[in-house]
Amino acid sequence: MNYKRMVPNSISGLSQMLGLISIYLSMEKDFNLAAIFIILAILADSCDGRAARALGVSGPFGVEMDSLCDVCSFGMAPAVLIYTYSLQQLGVAGMVISGLFAFGAAMRLARFNVNVTAIHGYFQGMPAPAGACVIVTFVLGGMQISPLLTALLTVAVACLMYSDVKYPDFKGHGNPLFRVPVIIAFILGALVLWSDVKAWPFVLMFTYTLCGVLNAVYVKVTGKQAVFK
């Protein structure tokens with residue numbers, strides 16, 4: 001047994017465990033703590049790849065392990081959270097819609113693994129942790145909108161995760177975003193923040209989400225394409 005490999009795989013397992021605890025907390029209606037545990041899972045997930053590279057044990061097993069754990073932490077846990085927080089009022093429809101979120105995250109993670117050597121300079125579709133953060137900040141921001149609007153938001157994020165909308169990967173190999181759509185997204189985000197200051201965590205992710213969507217529209221209309229290294 002290569003004990004070095006146990007370090008990054010254990011970190012991935014920790015991320016999964018944190019996501020599982022979040023599910024238990026959601027079932028107990030402790031929504032804020034459930035959301036915080038998903039954030040902790042995101043922090044753990046950001047460390048496993050770094051640990052594998054530092055120890056020189058990167059490989060396909062670690063990639064698959066990471067993604068399987070991510071399905072729990074960034075697909076199932078947010079799905080259960082948004083269902084118990086709001087969508088439960090829609091009955092079976094709420095179950096299906098929250099399930100679509102988990103499905104979108106799983107599809108996003110599977111596509112990432114397949115295209116990891118082909119896509120550079122950006123993320124194809126919203127990253128699963130970012131999609132989870134939309135749900136998390138929605139809850140932590142205390143957003144109270146109708147279950148139908150929450151359902152639309154949930155489906156939209158699920159679709160964005162498996163879309164071709166480009167989001168920056170912040171690795172310094174290029175930026176898929178153009179200035180005009182980013183400025184518009186920030187203005188719209190500021191308007192939402194002005195209407196409800198305490199919802200600032202959600203406004204951050206709302207603005208991030210809009211940047212990708214408006215940028216995709218801008219590229220479609222203008223025909224411009226970002227350059228990647």
Side-chain angles (χ1 to χ4, degrees), residues 15 18-46 70-89 94 97-98 100-102 104-105 108-109 123 125-163 165 167-170 177 181-182 184-215:
S15 174
L18 292 167
L20 190 58
I21 292 172
S22 173
I23 292 174
Y24 297 149
L25 291 168
S26 293
M27 294 167 64
E28 294 175 357
K29 308 296 184 183
D30 196 342
F31 302 124
N32 284 346
L33 194 55
I36 289 172
F37 266 84
I38 293 175
I39 293 175
L40 293 176
I42 292 172
L43 294 176
D45 179 66
S46 69
D70 287 353
V71 170
C72 174
S73 300
F74 311 139
M76 295 172 64
V80 174
L81 176 59
I82 198 62
Y83 172 75
T84 53
Y85 181 77
S86 177
L87 298 181
Q88 194 170 18
Q89 301 176 55
I97 290 168
S98 61
L100 288 175
F101 182 92
R108 169 67 177 80
L109 291 162
F123 287 123
M126 177 182 284
C133 274
V134 174
I135 301 300
V136 164
T137 55
F138 183 87
V139 173
L140 290 178
M143 301 296 293
Q144 297 293 335
I145 59 178
S146 74
L148 287 176
L149 289 177
T150 304
L152 288 175
L153 172 68
T154 304
V155 171
V157 175
C159 291
L160 280 173
M161 285 190 287
Y162 193 64
S163 70
V165 175
Y167 284 90
D169 63 5
F170 306 107
L177 302 180
V182 170
I184 295 174
F186 270 85
I187 292 173
L188 293 174
L191 291 174
V192 176
L193 183 62
W194 179 75
S195 65
D196 190 359
V197 176
K198 71 178 184 297
W200 67 267
F202 175 70
V203 171
L204 292 176
M205 290 309 304
F206 174 77
T207 304
Y208 170 82
T209 303
L210 273 184
C211 282
V213 174
L214 294 178
N215 190 73

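Keep in mind that the numbers below use all heavy atoms, side chains included, and drop hydrogens, waters and symmetry copies.
The side-chain contact (heavy atoms from CB on, under 4.5 Å) search around Ile39 returns Val136, Leu140, not counting sequence neighbours. With sequence neighbours left out, Tyr167 forms a ring pair (Phe, Tyr, Trp, His ring centres under 6.0 Å) with Tyr208. Remark: Phe31 pairs with Tyr85 by the ring pair (Phe, Tyr, Trp, His ring centres under 6.0 Å) rule, at least two apart or across chains. Scored by the side-chain contact (heavy atoms from CB on, under 4.5 Å) test, Leu153 finds Val134, Phe138, Val157, Phe202 as partners (sequence neighbours excluded). Residues satisfying the side chain to side chain donor-acceptor pair (under 3.5 Å) criterion with Thr150, sequence neighbours excluded, are Ser86. Checked against ring pair (Phe, Tyr, Trp, His ring centres under 6.0 Å), Phe123 has no partners two or more places apart in sequence or in another chain. Checked against side chain to side chain donor-acceptor pair (under 3.5 Å), Gln89 has no partners two or more places apart in sequence or in another chain. Here Glu28 pairs with Leu25 under the side-chain contact (heavy atoms from CB on, under 4.5 Å) rule; sequence neighbours left out. Take Leu43 and apply the side-chain contact (heavy atoms from CB on, under 4.5 Å) test, not counting sequence neighbours, and it matches Leu40.
Between the CG atom of Leu188 and the CG atom of Leu214 there is a distance of 6.5 Å, given to the nearest 0.5 Å. Distance CZ/Phe37 to CG/Asp30: 9.5 Å, rounded to 0.5 Å. Rounding to the nearest 0.5 Å places OG1 of Thr207 at 10.0 Å from CG of Leu191. A distance of 9.5 Å separates CE of Met27 from OG1 of Thr84, quoted to the nearest 0.5 Å. Taking CG of Leu87 as the start and CG of Leu148 as the end, the distance is 9.5 Å to the nearest 0.5 Å.
The salt bridge (Lys or Arg N to Asp or Glu O under 4.0 Å) pairs that include a residue from residues 139-160 number zero, where partners must be two or more places apart or lie in different chains. Applying the salt bridge (Lys or Arg N to Asp or Glu O under 4.0 Å) test to every pair with at least one member in residues 185-213, sequence neighbours left out, gives these pairs: Asp196-Lys198. For residues 126-141, no pair satisfies side chain to side chain donor-acceptor pair (under 3.5 Å), with sequence neighbours left out.
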* Please report the C-alpha distance between Leu109 and Val71 in whole Å, then the side-chain angles of each, then the deciding distance to 0.1 Å, and finally whether the side-chain contact (heavy atoms from CB on, under 4.5 Å) criterion is met. => CA-CA 8 Å; Leu109 291 162; Val71 170; 3.7 Å; yes
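Looking only at side-chain heavy atoms (C-beta outward), Ile38 and Ser73 stay at 4.5 Å or farther from each other. Considering only heavy atoms from C-beta on, Met161 comes within 4.5 Å of Phe101 through its side chain.
For Met205, the CE atom is densely surrounded, since the number of other residues' heavy atoms within 6.0 Å is greater than 12.
Contact detail for Val80 and Ser26: the closest heavy-atom pair is CG1-CB, 3.8 Å. In this structure, Gly189 and Val203 approach most closely via the heavy-atom pair O-CG1, 3.2 Å.
The closest donor-acceptor contact from the side chain of Ser98 to the backbone of Gly94 lies under 3.5 Å.
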